[in-house]
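Input: a single structure, listed below in structure tokens.
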Protein chains: 2
Amino acid sequence: MDIQSFFPYRIAVFSERVSQCIAQVYRERFGLTRDEWRVIAALAEAGKVRTAWIIDKTTLEKMQVSRAVARLERDGLLERLPDPDDGRGWLLRLLPAGKALYAKVVPMVQARETFLLDALAPDEREVLDRALTKLSERAEVLVRQG
Amino acid sequence: MDIQSFFPYRIAVFSERVSQCIAQVYRERFGLTRDEWRVIAALAEAGKVRTAWIIDKTTLEKMQVSRAVARLERDGLLERLPDPDDGRGWLLRLLPAGKALYAKVVPMVQARETFLLDALAPDEREVLDRALTKLSERAEVLVRQG
DNA sequence: TATTGTTATACTCTATAACTATA
DNA sequence: TATAGTTATAGAGTATAACAATA
């Protein structure tokens, strides 16, 4: 077995590199952690939502979301409102400072995504898209079966 | 921007899931860390090599390799021999216990890789392969330019 | 003076679970 | 009894750089 052609290894190295491209923007230029960035990105498209919705959207654990939200609230980027439908939970909403930050980050990371994907022809992009979906389903099967 | 269709996010989630599939084998069943597994896998195909070669093959930092090697040596899985060509370095080689461990892990992780890739038709696999290579090159450009 | 590999240190991240308040 | 979210804590991983030995 050649590790460098082993698919899971290739994906891990590739993913690390792509993540670094994006992290250079949200971390180095805007001081956000990955979790904070994900919470902001999820909130920006949502308006006002419950924590559980964020957890689902971002693929983060409730604990990670809890901590990221605490930091973002402390920094004045979002607010937590009591949930009228469930006294245990909160509704989360970006504040103007959070929206402004998001508006600055998005074009930069989207430019990077575009630069990456421009390496592919439209039909290659389609195949890649479907391949990721199919592989992801199979990976989930394996993870679940242990 | 919808985070769930943002390519770097999709790749990160996908990669995490695939890594988990493989880690279930080498970590949960054989007690290896990711770095230890990479060092063993690289060594297994190489025979006797210098540390620098491992660093190159595994995409790990010299410090991570140094620590993984120290643990693997302590556990009797590999040995370090003085490098006759360079008194600063070492030659690394798997011991029988290391080879035996590798021989047990490989079929299991390869079966998982096969199960994943069987989701794709041969031509899809080719496109995926080329796409990863092209995207990876572009990502490296971005990482380097900062 | 540069390079190989080790060690130190502080920091972040992760995983598990206990805990509170409410349903 | 179960669930939403918080907190505690210990362990693992990460990043930076200092360091000794050798080139």
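By convention in this document, chain letters (A, B, ...) are assigned in the order of the sequence lines, proteins followed by strands, and residues within each chain are numbered from 1.
In this structure, B/Q64 does not reach the D/dG13 phosphate: none of its side-chain N or O atoms is under 4.0 Å from OP1 or OP2. Contact between the side-chain N/O atoms of A/R80 and the OP1/OP2 oxygens of D/dT6 is found at a separation under 4.0 Å. For D/dG5, the OP1/OP2 oxygens have no side-chain nitrogen or oxygen of A/S66 closer than 4.0 Å.
A donor-acceptor pair is defined here as one N or O able to donate and one able to accept, closer than 3.5 Å; no such pair exists between the side chain of A/S66 and the backbone of A/K62.
Nucleic acid contact class of A/D83 (heavy atoms, under 4.0 Å, all strands): none. When heavy atoms are screened at a 4.0 angstrom cut-off, A/A52 is found touching the sugar-phosphate backbone but no base atom.
Think of the region where chain B sits on DNA chain C: with heavy atoms and a 4.0 Å cut, that region ends 5' and 3' at C/dT3 to C/dT9.
Below 30°, between 30° and 60°, or above 60°: for B/F6 and A/W37 the angle between ring planes is above 60°, a perpendicular geometry.
At whole-Å resolution of the value, CZ in A/R50 and C1' in D/dA4 are 10 Å apart. With rounding to whole Å, A/W53 atom CH2 is found 21 Å from D/dT3 atom C1'.
Nearest-nucleotide mapping onto DNA chain C: of A/R71 and B/V69, the residue sitting toward the 5' end is B/V69.
There is a side-chain donor-acceptor pair under 3.5 Å between A/T59 and B/Y9. Defined by atom type and a distance below 3.5 Å, a donor-acceptor pair is missing between the side-chain atoms of A/R27 and A/T33.
Two residues are said to be in side-chain contact when any heavy atoms from C-beta on lie closer than 4.5 Å; B/R138 and A/D118 meet this criterion. Side chains of A/R112 and A/V25 form a contact here, defined as non-hydrogen atoms less than 4.5 Å apart.
Between the two ends of the helix from C/dT1-D/dA23 to C/dA23-D/dT1, each summarised by a five-pair axis, the helix axis turns through 0° (rounded to 10 degrees).
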For a side chain to side chain contact (heavy atoms under 4.5 Å, CB included) check, start with the C-alpha distance between A/Q24 and B/V143, then their side-chain angles and the critical distance, and finish with the verdict.
CA-CA 8 Å; A/Q24 280 177 339; B/V143 167; 4.2 Å; yes
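Salt-bridge check for A/D129 with B/R10: passed, with a basic side-chain N closer than 4.0 Å to an acidic carboxylate O.
Of the candidate nucleotides D/dT14, D/dA8, D/dT3, D/dT14 has the atom nearest to the side chain of B/R67.
Residues forming a side-chain contact (heavy atoms from CB on, under 4.5 Å) with B/A121 (at least two apart in sequence, or on another chain): B/D123, B/E124.
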